[in-house]
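What follows is a single structure, written as structure tokens, with notes after it.
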Amino acid sequence: MKNILIKNSIRRSQLIFYICIAMLPVIQFCIFYLGVNINSIFLAFKKYDLYSNSYQWIGFDNFVNVFRDLGTLVYLKAALRNSCFIYLAGLLITTPLALIFSYYIYKKLPLHKTIKVILFIPVMLSSLIVILLFKYFVDRAVPALIEQIFGKQIPGLLTDTERALPTIIFFNIWSGFGSVILLYIGSMNSISDSLVEAAQIDGAGSLREFFYITLPHVFPTLSVYLITGIGGFFTNQMGLFSFFGTEAEYGLYTFGYFLYRAIKVAEPTDYPYLSAMGLLMTVVAVPITYLVKFLLEKFGPSTD
């Protein structure tokens, strides 16, 4: 009988411990998502009435307006297009190049220290300083060099409508290397030396070593960036506010910049519409994020 009471007491203690641990993420979600955003969620279904100076329920009208504007307003069409561009640039250019440079530095190939310093400069300096230096370089130094070398005058790359978007995308690719490479190198340095030596003894070259040993060990870190990048599709503003403030051309808009700018200059009548757009983006991003997570876990490389 005594043993049964002891076992029941242990089970009860374990259950209490499990409940306390499980409640932590639930409490965090309730406070930092529902608590912070609950008013915004309600605003998505309201409108501001100027006569009564209060918000009134209107159902799904704000969502209807968002869908309508996505298909008609020029700057929202540009935001959709540019958000796709910057996401694909990160996925198809930044990610492969970051892996390549990380592997180059990890293998301590010639000039690896110099390359590391060059790639880490944007991370070591304030982002605002980096943007100011880059803006000065592409708007003044590059046109001056072109005129001196080729005798041709061109406008600054950021002031030229046709060149501004590629220039900003290039800046985001270049400035995004440092922090990502730091994590990739950390994952690569955790690979057992004996495993690499065994592969080399078996005749594996650098290419086979990268795909069959290095990439599977780095893949958990890579997966985090690929998964969180889905949310970044709607929040990445490409540094436009630091470059242009609230005066960026419509053709440069992203969803992140549009929302940031709109909230900064918004009036009470604008908040319901912006809340509906933010909630709609969440509804779109969440299932896609879980789908990407499932696909990466199912088809990604394994260390086994």
Inset, instruction - Using a 4.5 Å cut-off on heavy atoms from C-beta on, say whether the side chain of L43 contacts that of N39. - result: yes
Legend entry - Validation row: I168, F244 side chains within 4.5 angstrom (heavy atoms): yes
Legend entry - Y87 reachable from V224 in the ILVMFWY side-chain graph, under 4.5 Å edges: no
Inset, instruction - Report whether L70 and F234 are members of the same hydrophobic cluster (ILVMFWY, side-chain heavy atoms less than 4.5 Å apart, transitive linking). - result: yes
I'd like to check the ring-ring contact (aromatic ring centres under 6.0 Å, His included) partners of [X]; sequence neighbours left out, ordered by chain and number.
{"X": "Y184", "answer": "none"}
{"X": "F243", "answer": "F171"}
{"X": "F101", "answer": "F177"}

Inset, instruction - With sequence neighbours excluded, tell me which residues meet side-chain hydrogen bond (donor to acceptor under 3.5 Å, both in side chains) with E147. - result: Q153
Legend entry - Set of side-chain hydrogen bond (donor to acceptor under 3.5 Å, both in side chains) partners for Q28, sequence neighbours left out: none
Let me have the donor-acceptor pairs involving side chains of residues 138-145, under 3.5 Å, with sequence neighbours excluded, atom names and distances please.
{"unit_1": "D139", "atom_1": "OD1", "unit_2": "L157", "atom_2": "N", "d": "3.4"}
{"unit_1": "D139", "atom_1": "OD1", "unit_2": "L158", "atom_2": "N", "d": "3.0"}

Legend entry - Cluster companions of L291 among Ile, Leu, Val, Met, Phe, Trp, Tyr (side-chain spacing under 4.5 Å): F294, L295, F299
Legend entry - Connected hydrophobic set around L133, excluding itself, where side chains approach under 4.5 Å: I129
Inset, instruction - Could you note down all residue pairs passing salt bridge (Lys or Arg N to Asp or Glu O under 4.0 Å) where residues 150-171 supplies at least one of them, sequence neighbours left out? - result: D160-R163
Inset, instruction - Could you list all the salt bridge (Lys or Arg N to Asp or Glu O under 4.0 Å) pairs where at least one residue sits in residues 208-231, not counting sequence neighbours? - result: K107-E209
Inset, instruction - May I ask you to check whether Y257 and Y260 place their ring centers less than 6.0 Å from one another? - result: no
Inset, instruction - Check salt bridge (charged side-chain N to carboxylate O under 4.0 Å, His left out) between K293 and all other residues, then give those that pass, not counting sequence neighbours. - result: E297
Show me the donor-acceptor pairs within less than 3.5 Å that the side chains of residues 265-273 make with the rest of the protein, sequence neighbours left out.
{"unit_1": "D270", "atom_1": "OD2", "unit_2": "E267", "atom_2": "N", "d": "2.9"}
{"unit_1": "Y273", "atom_1": "OH", "unit_2": "D69", "atom_2": "OD2", "d": "2.6"}

